[in-house]
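Some notes on the structure that comes next.
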Amino acid sequence: MLIPHDTRIALDTVVDLVNTAPENEPPRDEPPRDEPSDGPLGGSEDGLADVAALYAFAERHLISGVGTLGEKDLTAVRDVRARFAEVFAAPDPRAAADLVNRLVAAAGTTPQLTDHDGYDWHVHYFAPDASIADHLAADCGMALAFIIVAGEQERLRRCEAPDCGHAFVDLSRNRSRRYCSSRTCGNRLHVAAYRARRKEAAG
């Protein structure tokens with residue numbers, strides 16, 4: 001699947017944002033994970049616990065024009081995060097499209113070409129004076145819109161590892177990716193299955 005560079009960056013941002021939510025913690029009856037998650041900040045702690053964490057998120061994703069952030073911005077970004085999580089959980093493209101439409105409309109989307117800070121020409125979908133929440137809703141919302149328009153909504157997935165649940169975008173050629181990371185969740189489950197088979201054979 002051919003995805004423009006800017007769209008891929010926005011998809012990485014929205015995945016990271018969704019995975020900061022504390023809802024990604026393991027169920028209470030599951031044992032704790034032996035390995036750290038490959039996701040950026042997901043887990044039992046809120047990855048956007050305070051304004052300092054929001055500044056760190058903005059810096060990590062090179063979000064321009066952030067300015068001074070406060071509790072109001074933190075609350076607004078958490079709300080956008082929850083709306084994006086609903087997109088990943090949408091049962092079909094129509095439901096996903098409705099969610100994205102509402103997000104980008106509320107953000108006051110205003111597409112414009114820009115080549116700021118030495119970057120090549122690219123499109124900003126947010127207004128020049130937009131808040132960080134509207135910035136994320138507009139740019140990341142349009143990246144999700146690209147996936148839906150391409151007929152690829154099913155690529156917006158959650159990790160199938162029972163103690164994970166991280167969001168990810170499946171960009172594999174045959175849409176076969178099941179885990180947020182084959183290096184952590186995938187390998188861990190494959191090892192567990194192998195040990196179970198060995199135990200059964202020995203048993």
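All residue numbers refer to positions in the sequence shown, counting from 1.
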Inset, instruction - For the pair Arg178 (side chain) and Ala161 (backbone), establish whether a donor and an acceptor sit closer than 3.5 Å, ignoring hydrogens and angles. - result: no
Inset, instruction - Decide yes or no on side-chain contact (heavy atoms from CB on, under 4.5 Å) for Ile3 and Ile147, but give the supporting numbers first. - result: CA-CA 9 Å; Ile3 300 178; Ile147 296 293; 4.3 Å; yes
Legend entry - Electrostatic pair Arg157-Asp170, nearest N-O below 4.0 angstrom: yes
Legend entry - Minimum heavy-atom distance Leu2-Phe146, with the two atoms named: O-CZ, 3.6 Å
Inset, instruction - Flag the pair Arg94 and Asp98 as a salt bridge only when some basic side-chain nitrogen lies within less than 4.0 angstrom of an acidic carboxylate oxygen. - result: no
Inset, instruction - Keeping to residues at least two apart or across chains, list the side chain to side chain donor-acceptor pair (under 3.5 Å) pairs with something in residues 3-14. - result: Thr13-His61
Inset, instruction - Side-chain contact test, heavy atoms from C-beta onward, threshold under 4.5 Å: evaluate it for Glu71 versus Leu54 and give yes or no. - result: no
Inset, instruction - Determine, using the 4.5 Å side-chain heavy-atom cutoff (strictly less than), whether Phe168 and Val18 are members of one ILVMFWY cluster. - result: no
Inset, instruction - Looking only at non-hydrogen atoms, find the nearest pair between Val15 and Ala167 and report the distance. - result: CG1-O, 3.3 Å
Inset, instruction - Would you check if Arg60 and Asp16 make a side-chain contact, meaning some heavy-atom pair closer than 4.5 Å? - result: yes
Inset, instruction - Kindly give the heavy-atom pair with the smallest separation between Ile132 and Ala58, and that separation in Å. - result: CD1-CB, 3.9 Å
Inset, instruction - Check for a donor-acceptor pair, side chain of Arg158 on one end and backbone N or O of Gly165 on the other, with a separation under 3.5 Å. - result: yes
Legend entry - Non-hydrogen side-chain atoms of Phe126 and Asp134 separated by less than 4.5 Å: no
Legend entry - hydrophobic_cluster_shared for Val149 and Leu144, side chain cutoff 4.5 Å: no
Inset, instruction - Compare all side-chain heavy atoms of Val104 with those of Tyr125 and state whether any distance is below 4.5 angstrom. - result: no
Legend entry - Arg81 side chain to Asn19 backbone, donor-acceptor under 3.5 Å: no
Inset, instruction - Verify, without hydrogens or angle tests, whether Asp139 (side chain) and Leu136 (backbone) share a donor-acceptor contact under 3.5 angstrom. - result: no
Legend entry - Hphob cluster co-occupancy, Tyr55 + Phe57, side-chain heavy atoms under 4.5 angstrom: yes
Inset, instruction - Answer whether the closest heavy-atom distance between the side chains of Leu74 and Leu69 falls below 4.5 Å. - result: no
Inset, instruction - In sequence, state the C-alpha distance, the side-chain angles, and the governing distance for Leu99 and Arg102, and then conclude on side-chain contact (heavy atoms from CB on, under 4.5 Å). - result: CA-CA 5 Å; Leu99 290 164; Arg102 281 185 277 157; 3.4 Å; yes
Inset, instruction - Please check if Ile9 and Val66 belong to a single hydrophobic cluster, counting links between Ile, Leu, Val, Met, Phe, Trp and Tyr side chain heavy atoms closer than 4.5 Å. - result: no
Legend entry - Sidechain-backbone polar pair: Arg177 side chain, Cys180 backbone, donor-acceptor under 3.5 Å: yes
Inset, instruction - Looking only at non-hydrogen atoms, find the nearest pair between Pro93 and Ile148 and report the distance. - result: O-CG2, 4.2 Å
Inset, instruction - Determine whether Cys185 and His166 make a side-chain contact, defined as any pair of heavy atoms from C-beta on separated by less than 4.5 Å. - result: no
Inset, instruction - Looking only at non-hydrogen atoms, find the nearest pair between Ala10 and Cys140 and report the distance. - result: O-SG, 3.6 Å
Legend entry - pair Asp46-Arg78: side-chain heavy atoms closer than 4.5 Å: yes
Legend entry - Where Arg175 and Gly151 come nearest, the two heavy atoms and their spacing: NH2-O, 4.3 Å
Inset, instruction - Report yes if some heavy atom in the side chain of Leu17 is under 4.5 Å from a heavy atom in the side chain of Val77; otherwise report no. - result: yes
